[in-house]
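Quick notes on the structure that follows.
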Amino acid sequence: MEIEHVKGKIMEGMPGFPRQYGPVRSDHQPGIPFFPQETARDFVLIFLLVAIMFFLSAVVTPFLGPARSPQISELIVPDWYLLFSWGLLKVADIFPQFTIGAGTPLKTEFSAAFWGDLLSGIPVIFLLVLPFIDRGREARPAKAPVRSAFGVAFLLAWSFTASLYSIREVVAQRWQTPNGSPLIDDIAMKWFFVIPPVLVGLTSYIGLRRLGFAPMRRWLVPYVVGLTAIVEIQAAAILLIPGWLGPQVRPYVVELGVFFLVLLAPMLVSSVAVFAMTESKARKWIVRSGVASLLVFAALTAGLWFSSTANRVGFVWVLSVLEPSMNTLLLFPLFAVVTAYLGVRRPYSTYEYLLNECYQCGKCHTVCPVTKVEDDALGGLNLVYNTFKKQHDGVPLWTCLACDACSAVCPLDIQYSDYILEERSKVHARMAADGGSRE
Amino acid sequence: MNEIPFGFIVRGMHHWAAHIMIAAVFLHMCRVYFTGAYKKPRELNWLLGVILMLITIMFGYSGYLLPANNLSEGAANIGINMTRASPVIGDQLARLLFGDINTLTGVYILRWYWIHVFILPLLGTALMILHMGLVWLQGVAEPH
């Protein structure tokens with residue numbers, strides 16, 4: 001079927017289909033031709049990938065194993081891409097189990113397997129309805145922080161924690177206290193489904209909105225101070241409530257207290273920083289306290305582990321307190337400090353961020369008076385996009401008249417001449433710093 | 001296959017290409033999601049992409065059912081039980097997909113072999129042509 005025939009019958013004028021399409025298209029998008037430039041680039045990547053696969057095939061032979069044997073009982077672990085589903089199947093026993101319509105053709109058993117199926121299907125259903133529930137126009141992650149934070153939390157963090165839960169037996173067997181109970185118990189691993197994704201989502205949201213120049217103290221203060229308060233209360237409860245610490249851990253209460261201090265110190269500094277300091281000062285204090293705490297934690301760990309067997313045992317007992325509560329005692333300090341930093345860091349350069357709004361409609365190019373006398377490369381290139389991408393000079397830096405004709409027609413009201421004037425002043429500043437000579 | 005000359009490389013390529021393909025499909029989906037490239041007018045292309053991702057995962061699953069080792073047996077058991085847990089049609093669907101709910105007979109291997117070498121490649125190729133055709137017609141949604 002020729003493309004012209006199809007065009008005539010079906011697609012002409014339909015929304016979403018440009019007037020020109022396929023190989024006859026002459027309204028070039030900015031960029032390079034498909035053949036031979038893009039083809040050559042793609043072949044480089046293809047050959048690289050094939051080389052990597054050859055190397056892996058030669059060096060790491062995939063395990064085959066004997067034919068199935070009921071006598072051999074081994075831990076079955078699906079391939080990594082299905083671990084999330086297996087983890088959801090395993091966690092499904094927390095849901096109530098019952099049967100309706102027993103004895104009828106429509107009997108439905110709400111078993112753990114059923115709930116597991118449903119949980120595995122929920123991400124798929126969400127992906128299928130996504131374009132119909134997110135009808136907003138904004139595409140960029142920084143300008144759609146809710147969607148982006150949700151995606152990071154559930155596409156990435158949730159599937160990762162679900163995959164971790166699927167190997168809970170391996171974790172329980174591998175990391176144990178000296179008396180044989182698991183270091184990370186099943187309840188803590190179940191809470192992995194909730195707490196890390198929520199923390200990741202909130203942190204992403206705050207970080208992304210900050211990129212969009214939004215002042216985030218209104219979010220940061222309750223978030224960071226709240227996490228700090230929870231860890232303080234929990235640490236105090238563990239140390240002060242009689243009977244909380246088991247008899248095996250009590251001899252190591254001093255070491256435990258030191259670890260609590262190391263975890264709490266950067267949280268307290270971050271809380272004060274986001275509440276009371278200026279942004280530049282807050283950045284420095286947050287980074288320094290976070291890095292210092294990380295180094296001290298690592299040094300304490302290494303010191304206790306490698307110094308003597310008695311200290312190593314003590315360290316494991318300290319971990320037996322920290323790790324079952326790792327969703328709070330270990331993750332909260334990390335997220336509080338990282339979020340505090342993300343919420344006060346410098347956003348993008350104003351003009352680069354604003355220029356990035358451009359969706360290449362080409363109106364600026366049409367009205368710009370300089371392009372009528374300057375030599376252009378291909379027709380149809382748009383001014384703002386290409387200046388930002390540095391693919392074509394567009395209006396060269398020194399010939400822009402700053403007439404603002406482009407801004408007048410820009411649907412996104414990009415102030416292009418402001419950008420030009422700022423860039424010119426930067427060049428002048430560099431020249432002045434060099435004693436007036438050209439670069 | 002590991003014993004014939006260079007058989008281990010052919011087998012290895014199949015294995016690693018499968019893993020890299022699934023990772024690439026997932027990463028591609030993430031890029032489209034985070035850059036909002038599923039929005040109007042590309043909803044259909046996104047739906048095709050989600051279906052292709054499921055087909056790719058099914059390729060991988062059907063692939064490791066075929067060696068008939070203990071992992072295959074365990075994975076088949078899980079698959080059968082998950083399918084049977086579907087309300088009303090569970091048992092019939094399990095029989096359709098696995099041939100026999102009793103996995104010890106190994107009938108599922110033949111059935112999933114057919115799915116792996118014929119059904120899924122046919123569906124996958126057809127949908128990939130549609131998927132890439134739509135990109136050709138509508139243009140790449142550039143990340144802004």
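Below, chains carry the letters A, B, ... as their sequence lines are ordered, and counting in each starts from 1.
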Heavy-atom side-chain contact between [X] and [Y] under 4.5 Å:
X	Y	answer
A:Ser148	B:Tyr33	no
B:Phe8	A:Ser57	no
B:Trp46	A:Leu127	yes
A:Leu155	B:Met29	yes
A:Ile52	B:Trp16	no

TODO: Using distance alone, with no hydrogens and no angle criterion, decide if B:Tyr61 and A:Asp79 have a side-chain donor and acceptor under 3.5 Å apart.
DONE: no
With a 4.5 angstrom heavy-atom cut-off, could you sort out which part of [X] is near chain B: side chain, backbone, both or neither?
X	value
A:Trp86	side chain
A:Phe150	both
A:Val152	both
A:Phe110	neither
A:Leu82	side chain
A:Leu89	side chain

Open item on the list: I'd like to know if A:Arg135 pairs up with B:Glu43 as an ion pair, taking the criterion as any Lys NZ or Arg NE/NH1/NH2 lying under 4.0 Å from an Asp or Glu carboxylate oxygen.
Closed with: yes
Distance, nearest 0.5 Å, that separates [atom1] of [X] from [atom2] of [Y]:
X	Y	atom1	atom2	result
A:Asp117	B:Asn81	CG	CG	10.0 Å
B:Ile22	A:Trp80	CD1	CH2	6.0 Å
B:Phe26	A:Leu156	CZ	CG	5.0 Å
A:Met53	B:His14	CE	NE2	11.5 Å

[X] atom [atom1], over 12 foreign heavy atoms within 6.0 Å:
X	atom1	value
A:Phe55	CZ	no
B:Leu110	CG	no
A:Phe154	CZ	yes
B:Tyr113	OH	no

Open item on the list: Is it the case that the side chain of B:Arg11 and the backbone of A:Pro62 share a donor-acceptor pair, with hydrogens and angles ignored and the cut-off at 3.5 Å?
Closed with: yes
Task: Under 4.5 Å from any heavy atom of chain A - which part of B:Ile20 - done: side chain
- [ ] Would you mind checking which part of B:Ala23 comes under 4.5 Å of any heavy atom in chain A, side chain (CB onward), backbone (N, CA, C, O), both or neither?
- [x] both
Task: B:His131: partners by ring-ring contact (aromatic ring centres under 6.0 Å, His included), with sequence neighbours left out - done: none
- [ ] Would you mind telling me which of B:Met53, B:Arg84, B:Lys39 has the largest number of heavy-atom pairs within less than 4.5 Å of chain A?
- [x] B:Lys39
Open item on the list: Out of B:Ala75, B:Ala17, B:Gly12, return the one with the most heavy atom pairs under 4.5 angstrom to chain A.
Closed with: B:Gly12
Open item on the list: Could you report the tightest heavy-atom contact between B:Leu47 and A:Leu128, atom names first, then the distance?
Closed with: CD2-O, 3.2 Å
TODO: Might you point out which heavy atoms bring B:Met13 and A:Phe54 nearest each other, and give the distance in Å?
DONE: SD-N, 3.7 Å
Open item on the list: Within residues 114-126 of chain B, which residues come under 4.5 Å of chain A, heavy atom to heavy atom?
Closed with: none
Open item on the list: What verdict does the side-chain contact (heavy atoms from CB on, under 4.5 Å) test give for B:Ile78 and A:Ser85, after you've listed the backbone C-alpha separation in whole Å, the side-chain angles of each residue and the deciding distance to 0.1 Å?
Closed with: CA-CA 11 Å; B:Ile78 294 170; A:Ser85 178; over 6 Å; no
